[in-house]
Amino acid sequence: MELNIKDRLYIPVILPKEGTFKEFNTKKEILRKIEISAEEREAVGLHENEENGRIEWDIEKDTPLAIDFATDELAYLKQACEKISDEKLPDDMWMVVEKIYDAANLHQ
C-alpha cells in the first residue's frame with residue numbers, strides 16, 4: 001500500500017487507544033512501519049505552524065511510501081476503520097480509511 005505523509009499522520013488517529021497485548025504489539029508494528037523519519041521530515045519541510053498548531057509540509061516533495069502490511073496488521077487496520085465508521089470525520093480522513101479498507105479487502 002502506498003501512503004503519503006497525510007495518510008501516515010492520520011493512521012495513528014484512526015487506531016484504537018486501547019486493546020489487548022496482541023493488539024498493542026500489532027499497533028506498535030504498524031506505527032513503526034508508517035513512521036516519518038527525520039530525513040523525510042527535513043526533505044518535505046514537515047513542521048508545526050506556531051500560529052495555528054497545524055502540521056504543514058511541502059506536498060510537492062511528498063513521495064508516497066510503499067508499505068507492506070502483514071495480514072494481521074491489515075485485519076487490525078480494517079477493524080479500526082469499522083469501529084469509527086459512525087463518527088463524523090473530515091473527508092480527507094475518510095479517504096485514508098477507504099484506502100486502508102480497500103487494501104484490507106484485496107488482501108483477503
Side-chain angles (χ1 to χ4, degrees):
M1 176 184 325
E2 288 198 348
L3 300 172
N4 61 33
I5 298 281
K6 184 182 282 189
D7 300 337
R8 292 159 59 202
L9 290 172
Y10 273 148
I11 288 175
V13 176
I14 293 167
L15 296 176
K17 306 293 180 242
E18 56 185 37
T20 65
F21 186 65
K22 182 178 188 295
E23 291 167 337
F24 166 76
N25 284 314
T26 302
K27 179 168 62 172
K28 192 167 66 169
E29 185 61 19
I30 290 167
L31 294 175
R32 185 191 65 75
K33 288 180 178 184
I34 65 169
E35 182 178 6
I36 302 167
S37 69
E39 297 83 25
E40 195 174 7
R41 288 174 187 267
E42 190 174 320
V44 299
L46 185 69
H47 67 281
E48 183 177 348
N49 183 317
E50 298 282 329
E51 292 176 17
N52 60 21
R54 293 177 59 124
I55 304 293
E56 299 176 346
W57 65 94
D58 184 346
I59 59 171
E60 298 294 321
K61 295 179 180 177
D62 186 352
T63 306
L65 179 66
I67 301 175
D68 289 324
F69 290 113
T71 303
D72 62 329
E73 294 166 346
L74 281 171
Y76 181 74
L77 285 164
K78 180 179 177 181
Q79 183 180 35
C81 292
E82 289 170 346
K83 283 183 180 176
I84 63 169
S85 65
D86 290 332
E87 293 183 24
K88 291 183 185 261
L89 300 171
D91 287 348
D92 55 350
M93 188 178 277
W94 285 123
M95 290 171 25
V96 176
V97 168
E98 183 177 48
K99 184 185 286 191
I100 292 167
Y101 203 81
D102 289 348
N105 284 335
L106 282 174
H107 198 267
Q108 290 179 336

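Numbers for residues simply follow the sequence, beginning at 1. Given the structure is predicted, the values throughout are model-derived calculations rather than measurements.
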Would a single hydrophobic cluster contain both [Y] and [X], if residues Ile, Leu, Val, Met, Phe, Trp and Tyr are joined by side-chain heavy-atom contacts under 4.5 Å?
X    : Y   : value
Y101 : L15 : no
V44  : Y10 : no
V13  : I30 : yes
V96  : L46 : no
L9   : M93 : no

Checklist entry - Can you pull the salt bridge (Lys or Arg N to Asp or Glu O under 4.0 Å) pairs that have at least one residue in residues 79-91, sequence neighbours excluded? => result none
Item to check | Qualifying salt bridge (Lys or Arg N to Asp or Glu O under 4.0 Å) pairs with a residue from residues 1-16, counting only residues at least two apart or across chains | outcome: K6-D92, D7-K99, R8-E40
Next on the checklist: Let me confirm one number: the CD1-CD distance from I36 to E42, rounded to the nearest 0.5 Å.
Outcome noted: 14.5 Å
Checklist entry - So, for L74 and A103, which heavy atoms are closest and what is the spacing to 0.1 Å? => result CD1-O, 4.2 Å
Next on the checklist: If I compare all heavy atoms of A104 with all of K78, which pair ends up nearest, and what's the gap?
Outcome noted: CB-CB, 3.7 Å
Item to check | ILVMFWY clustering at 4.5 Å (side-chain atoms), partners of F21 | outcome: F24
Checklist entry - Apart from M95 itself, what residues make up its hydrophobic cluster, given side-chain heavy atom links below 4.5 Å? => result none
Can I get a per-line list of side-chain donor-acceptor pairs under 3.5 Å for residues 60-69, giving both atom names and the distance, sequence neighbours left out?
| unit_1 | atom_1 | unit_2 | atom_2 | d |
| --- | --- | --- | --- | --- |
| D62 | OD1 | I5 | N | 3.3 |
| D62 | OD2 | I5 | N | 3.1 |
| D62 | OD2 | W57 | NE1 | 3.4 |

List in chain and number order the residues that pass side-chain hydrogen bond (donor to acceptor under 3.5 Å, both in side chains) with [X], two or more places apart in sequence or in another chain; answer none if no residue qualifies.
X   : result
R54 : none
Q79 : none
E56 : H47, N49

For [X], what residues pass the side chain to side chain contact (heavy atoms under 4.5 Å, CB included) criterion, not counting sequence neighbours?
X   : answer
A75 : none
D72 : K22, T26, A70
S85 : none

Checklist entry - Who pairs with E29 by salt bridge (charged side-chain N to carboxylate O under 4.0 Å, His left out), at least two apart in sequence or on another chain? => result R32
Item to check | side-chain contact (heavy atoms from CB on, under 4.5 Å) between L89 and I14, worked out | outcome: CA-CA 10 Å; L89 300 171; I14 293 167; 5.9 Å; no
